[in-house]
Amino acid sequence: MSTGLTLPPAVGLPPRRGTTLGRVVAAEWSKAWGLRSTRWVVAVMVLLPAALAWLGGNDPLVGPDGYGSVAYYVTSTLIVTQFPMLLLGVLLGSGEFSSRSAGPTFLAVPSRTLVLVAKALVTTAVAALTATLTLGLAAGATLLSDLGPGLSTALTPETTRMWVGSAAYLVAATVFCFGLGMLLRRSTTAVLVAFVVFVLGIAAVVVPDALQPVLAVLPGHAATLVPATDGFLELLRDLGQLPVGAWTSVAVTGGWALIVLAVAAVRLRGRDV
């Protein structure tokens, strides 16, 4: 005569089975930081502005009169130092497709939209963390340099725009490049397209007036406006060369990020990985 086998109750199983946004985000967060490229690019992005701030701050030819505030001194290099962040976004978006490792991800999580949303949230979080560390470390390096004591640290509407606007722009630009990576699926192609788009946005300050309205709606145009002083923005407005304001330009970058993400979602749902 056989007897029934009584099994102990399951321990450690989640109360809800299946894939959820929280679990996919946690998995994508681990994958993002598990990549050597993520750690290297973040390190370069955080250390490069700080190094430039330190070197410039200890240059005897650089005086506080030309900058006035720590915010302007730090964020004025954003137009150059933003490119590691753009590369970070592209790599987070296209990395799995370029390495042909996207298949297991979508096998584990059948909902492609859920994967895209999770990756976008992780990219936003990584970008926000990186932008905060970048600006904070650069500010600290500036204050510890010979130039630091001569610069103002006061929070005014102008300096708040420089700090908060720069961080918001970096996050939006990174998400835009992430969307490019997801859409194009080739790191080299996405990097090239991102480079051209953001260089055109930077060049908007030197192009003829007739092209200003066109270039002002490019994703990278905010990099020239957000760190600018109120006096410079007022001068551009008087000359008729300010089609959009500083905060509006950040919103434009964010809008482009949402558009590219939407197009990437459509392609992701309609084509094989």
Side-chain angles (χ1 to χ4, degrees), residues 25-55 74-102 105 115-116 118-141 163 165-202 219-220 222-223 226-227 250 253-254 256-257 260-261 264:
V25 167
E28 292 297 332
W29 177 267
S30 299
K31 284 198 297 183
W33 288 109
L35 295 173
R36 187 180 303 172
S37 59
T38 300
R39 299 193 298 270
W40 273 105
V41 174
V42 168
V44 170
M45 183 63 208
V46 172
L47 296 176
L48 178 60
L52 292 177
W54 173 260
L55 293 175
V74 170
T75 60
S76 61
T77 62
L78 176 65
I79 198 170
V80 176
T81 58
Q82 64 175 323
F83 287 97
M85 286 283 282
L86 308 183
L87 176 61
L88 174 65
V90 168
L91 294 178
L92 289 176
S94 64
E96 284 192 328
F97 295 105
S98 296
S99 62
R100 299 176 182 265
S101 59
T105 296
V115 173
L116 176 63
K119 286 180 176 291
L121 290 176
V122 168
T123 300
T124 302
V126 172
L129 176 62
T130 304
T132 302
L133 292 175
T134 298
L135 296 175
L137 188 60
W163 289 126
S166 294
Y169 164 73
L170 287 173
V171 173
T174 305
V175 175
F176 171 81
C177 291
F178 162 80
L180 274 182
M182 290 289 293
L183 177 62
L184 300 177
R185 300 186 179 182
R186 293 180 180 271
S187 298
T188 304
T189 305
V191 167
L192 180 60
V193 172
F195 180 81
V196 171
V197 167
F198 282 87
V199 167
L200 284 176
I202 294 171
V226 170
V250 177
T253 306
W256 274 109
V260 174
L261 285 176

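Throughout, residue positions are numbered sequentially from 1 according to the sequence presented. Just so it is clear, the structure is predicted and the values come from calculations on it, not from any experiment.
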Query - Distance, nearest 0.5 Å, that separates CG of Leu78 from CE of Met85 - result: 9.5 Å
Query raised in the report: Which atom pair, heavy atoms only, marks the closest approach of Ala172 to Ala257?
Result: O-CB, 3.8 Å
**Report entry** Thr38 side chain near Leu91 side chain, heavy-atom distance below 4.5 Å
**Finding:** no
Report summary line: Heavy atoms of Ser94 and Gly181 approach each other most closely as CB-O, 3.5 Å
**Report entry** Minimum side-chain heavy-atom gap Val175-Leu261 below 4.5 Å
**Finding:** yes
Report summary line: Paired with Val42, the side-chain contact (heavy atoms from CB on, under 4.5 Å) test is passed by just one of Leu88, Leu47, Leu133, namely Leu88
Report summary line: Rounded to the nearest 0.5 Å, the CG atom of Leu183 sits from the SG atom of Cys177 at a distance of 12.0 Å
Query raised in the report: What is the minimum heavy-atom distance between Val250 and Ala168, and which atoms define it?
Result: CG1-CB, 4.0 Å
Query - Close side-chain approach of Pro219 to Val197, heavy-atom, < 4.5 Å - result: yes
Query raised in the report: Should Phe83 and Val199 be marked as a side chain to side chain contact (heavy atoms under 4.5 Å, CB included) after you check the CA-CA gap, both sets of side-chain angles, and the distance that decides it?
Result: CA-CA 10 Å; Phe83 287 97; Val199 167; 4.3 Å; yes
Query raised in the report: Near Trp40 CH2, under 6.0 Å, is it more than 12 heavy atoms from other residues, nucleotides or ligands?
Result: no
Requested in this report: For the pair Phe176 and Trp256, name the ring-plane relationship: parallel under 30°, tilted 30 to 60°, perpendicular over 60°.
Outcome: perpendicular
Query raised in the report: Which heavy-atom pair separates Gln82 from Phe198 by the least distance, and what is that distance?
Result: OE1-CD2, 4.0 Å
Query raised in the report: Got more than 12 heavy atoms from elsewhere within 6.0 Å of CH2, Trp163?
Result: yes
Query raised in the report: Which residues pass the side-chain hydrogen bond (donor to acceptor under 3.5 Å, both in side chains) test with Glu28, sequence neighbours left out?
Result: Lys31, Lys119
Requested in this report: I would like to know whether Leu121 and Trp29 meet side chain to side chain contact (heavy atoms under 4.5 Å, CB included); could you show each step before the answer?
Outcome: CA-CA 9 Å; Leu121 290 176; Trp29 177 267; over 6 Å; no
Query - For Ala264 against Gly179, the heavy-atom pair lying closest together - result: CB-O, 4.0 Å
Query raised in the report: Quick one: does Trp54's side chain get under 4.5 Å of Leu137's, heavy atoms only?
Result: no
Report task. Looking only at non-hydrogen atoms, find the nearest pair between Pro49 and Val44 and report the distance. Result -> CD-O, 4.3 Å
Query raised in the report: Roughly how far apart are Leu170 CG and Thr134 OG1, rounded to 0.5 Å?
Result: 7.0 Å
Query - Side chain proximity check, Val226 to Thr75, heavy atoms < 4.5 angstrom - result: no
Query raised in the report: Measuring from Met45:CE to Leu86:CG, what's the distance to the nearest 0.5 Å?
Result: 8.5 Å
Report summary line: In this structure, OG of Ser187 is separated from CG of Leu180 (nearest 0.5 Å) by 11.5 Å
Query raised in the report: Is the shortest heavy-atom distance from the side chain of Leu116 to the side chain of Phe178 under 4.5 Å?
Result: yes
Query - Arg186 atom CZ, over 12 foreign heavy atoms within 6.0 Å - result: no
Query - From CG (Leu92) to OG1 (Thr123), nearest 0.5 Å - result: 4.5 Å
